[in-house]
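What you see below is based on every heavy atom in this structure, not just the backbone, and it leaves out hydrogens, waters and symmetry mates. Every chain is numbered from 1, with letters handed out A, B, ... down the list of sequences.
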2 protein chains.
Amino acid sequence: MDGKPYIAQRPKRADGRRNYDAILAAARKAFESTGADASLEDIASQAGVAIGTLYRHFPTRASLVEAATRDGLENLVSHAERLSGAPDPLDALTAWMREAVAHFSTFRGLVGILARSMYDEGTPSHTMCNAMHRSGADLLRAAQAAGSVRPDLTPDELFDLLSGAAWVREQAAGGRDGSPRFLRLVLEGITIPRA
Amino acid sequence: MDGKPYIAQRPKRADGRRNYDAILAAARKAFESTGADASLEDIASQAGVAIGTLYRHFPTRASLVEAATRDGLENLVSHAERLSGAPDPLDALTAWMREAVAHFSTFRGLVGILARSMYDEGTPSHTMCNAMHRSGADLLRAAQAAGSVRPDLTPDELFDLLSGAAWVREQAAGGRDGSPRFLRLVLEGITIPRA
DNA sequence: TGACATCCTGAGGGTGCCTCAGATTAAATG
DNA sequence: CATTTAATCTGAGGCACCCTCAGGATGTCA
């Protein structure tokens with residue numbers, strides 16, 4: 001709402017950097033085992049740091065999540081760029097979509113945060129989400145130009161499908177693994193059979 | 001986990017029934033405006049009742065959610081039965097799916113609870129979810145028998161698609177309304193074009 | 001009018017969130 | 001090395017919510 005999303009950046013002093021890294025590591029572990037709503041106080045103590053220190057570096061839960069997932073999303077974007085000139089645009093798109101769903105469901109609760117960030121500026125992850133949106137849109141456009149994907153599918157819809165798939169995967173994470181199947185259905189639903 | 005899900009039932013004494021109803025009404029309002037994680041203490045005070053009374057009738061947040069949504073899901077099931085002999089099984093299925101998605105996204109957070117209940121017995125909503133599962137499976141089978149829907153789609157997958165759609169709708173509820181589009185994509189993806 | 005099962009109350013202990021005034025300490029400077 | 005300064009750290013404390021339970025209140029039935 002205030003227009004200036006807080007993006008966590010590594011602090012300057014040595015002890016600051018040490019703690020920043022320790023907190024990030026503890027957060028990754030906690031998020032993966034407990035979900036995006038893991039206790040921040042647990043994370044702080046796990047990192048051997050007082051709660052105030054955590055808040056100094058990551059004033060918001062969202063900013064911590066952003067920092068913990070930035071690498072993965074950056075990889076996703078750069079992978080898209082590497083795929084952008086692939087001989088078979090449909091293969092490229094499907095490979096990327098699989099990877100995207102995997103990243104979106106790194107831990108429970110992440111998709112929800114990303115989905116919100118996608119269209120809500122003023123959110124820490126919004127920038128990265130925008131970049132992803134662009135990469136995905138490029139791959140989609142290419143596949144559509146090649147006549148492999150229904151031409152009326154918009155990038156926004158693509159991301160709805162991706163996040164829906166990730167959410168289902170997230171839910172199923174405990175019991176049955178009905179997740180790769182979901183994406184396959186989606187893919188078969190949007191592709192145009194080769195003549 | 002303990003195998004005996006608690007299903008809220010109307011109490012016997014007059015004051016008990018009064019309070020039960022007041023709590024339920026307050027809960028519906030709160031869930032709709034705030035989501036499934038609305039404050040239980042707010043709900044209690046909104047119902048003019050002490051917090052202990054709320055817990056007496058609904059020992060668990062899940063049991064309160066179940067009670068608040070039971071009617072809607074019952075309607076959904078009975079509607080499926082009414083549709084079961086329809087002349088066009090595909091129309092019947094799609095109509096029912098639209099209605100299901102609408103019910104699943106009555107308020108923020110509901111789909112998640114239902115998705116969990118679907119495959120986790122010992123959950124208040126599990127019984128109702130099972131009934132829905134059966135109704136949906138019937139409609140699906142009919143549409144498949146008529147050659148209108150891909151024959152390899154399983155009921156479990158149908159519900160993954162439905163809950164995915166509901167989740168996306170739930171997310172989009174605030175801003176853009178990219179939700180009916182999602183279900184349309186899914187539907188077009190699973191149907192077999194008429195020859 | 002009892003008598004009793006049902007129901008209600010709200011204080012209290014527990015957890016997590018977030019802030020802030022004061023104590024520390026890394027690093028730059030002379 | 002001593003001093004200074006700005007960055008960093010600490011953790012008590014206020015707030016909100018969760019859930020429980022012992023004791024009080026009350027409707028119901030005979």
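Comparing A:Ala14 and B:Arg56 by the nucleotide of DNA chain C that holds the closest heavy atom to each, the one mapping nearer the 5' end is B:Arg56. If you find the closest nucleotide of DNA chain D to B:Asp15 and to A:Ala50, the one lying nearer the 5' end belongs to A:Ala50.
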Stepwise side-chain contact (heavy atoms from CB on, under 4.5 Å) test for A:Leu140 and A:Phe159: CA-CA 11 Å; A:Leu140 172 62; A:Phe159 278 94; over 6 Å; no
Derivation and outcome, salt bridge (charged side-chain N to carboxylate O under 4.0 Å, His left out), residues A:Asp15 and A:Arg18: CA-CA 5 Å; A:Asp15 52 348; A:Arg18 234 188 343 260; 5.4 Å; no
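Listed by chain and residue number, nothing satisfies the salt bridge (Lys or Arg N to Asp or Glu O under 4.0 Å) test with B:Arg134 (two or more places apart in sequence, or in another chain).
Using a 4.5 Å heavy-atom threshold, the side chains of B:Arg150 and A:Leu185 count as touching. Using a 4.5 Å heavy-atom cutoff, the side chains of B:Asn130 and B:His126 are in contact.
Between B:His57 and C:dC7 there is no side-chain polar atom (N or O) within less than 4.0 angstrom of OP1 or OP2. At the phosphate of C:dA27, neither OP1 nor OP2 sits under 4.0 Å from any side-chain N or O atom of A:Arg13.
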Using a cut-off of under 3.5 Å, enumerate the N/O to N/O pairs linking the protein to nucleotides 12-16 of chain C.
none

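Counting only distance, with no hydrogens or angles, the side chain of A:Arg108 and the backbone of A:Thr34 share a donor-acceptor pair below 3.5 Å. At distances below 3.5 Å, at least one donor-acceptor pair connects side-chain atoms of A:Gln144 with backbone N or O atoms of A:Leu153.
Applying the ring-ring contact (aromatic ring centres under 6.0 Å, His included) test to every pair with at least one member in residues 65-98 of chain B, sequence neighbours left out, gives no pairs at all.
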N/O donor-acceptor pairs under 3.5 Å from side chains in residues 35-50 of chain B, not counting sequence neighbours:
{"residue": "B:Ser39", "atom": "OG", "partner": "B:Glu41", "partner atom": "N", "Å": "3.3"}
{"residue": "B:Ser39", "atom": "OG", "partner": "B:Asp42", "partner atom": "N", "Å": "3.1"}
{"residue": "B:Ser45", "atom": "OG", "partner": "B:Asp42", "partner atom": "O", "Å": "3.3"}

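Between A:Met132 atom CE and A:Leu114 atom CG the span is 6.5 Å, to the nearest 0.5 Å.
Interface limits on DNA chain D: the 5'-most and 3'-most nucleotides within less than 4.0 Å of chain B heavy atoms are D:dC17 to D:dT28.
The existence of a salt bridge linking B:Glu32 and B:Arg28 is excluded, since no basic side-chain nitrogen approaches an acidic carboxylate oxygen closer than 4.0 Å.
At the heavy-atom level, A:Pro11 lies under 4.0 Å from the strands shown only through sugar-phosphate atoms.
Contacts of residues 16-27 of chain B with DNA chain D (heavy atom under 4.0 Å): none.
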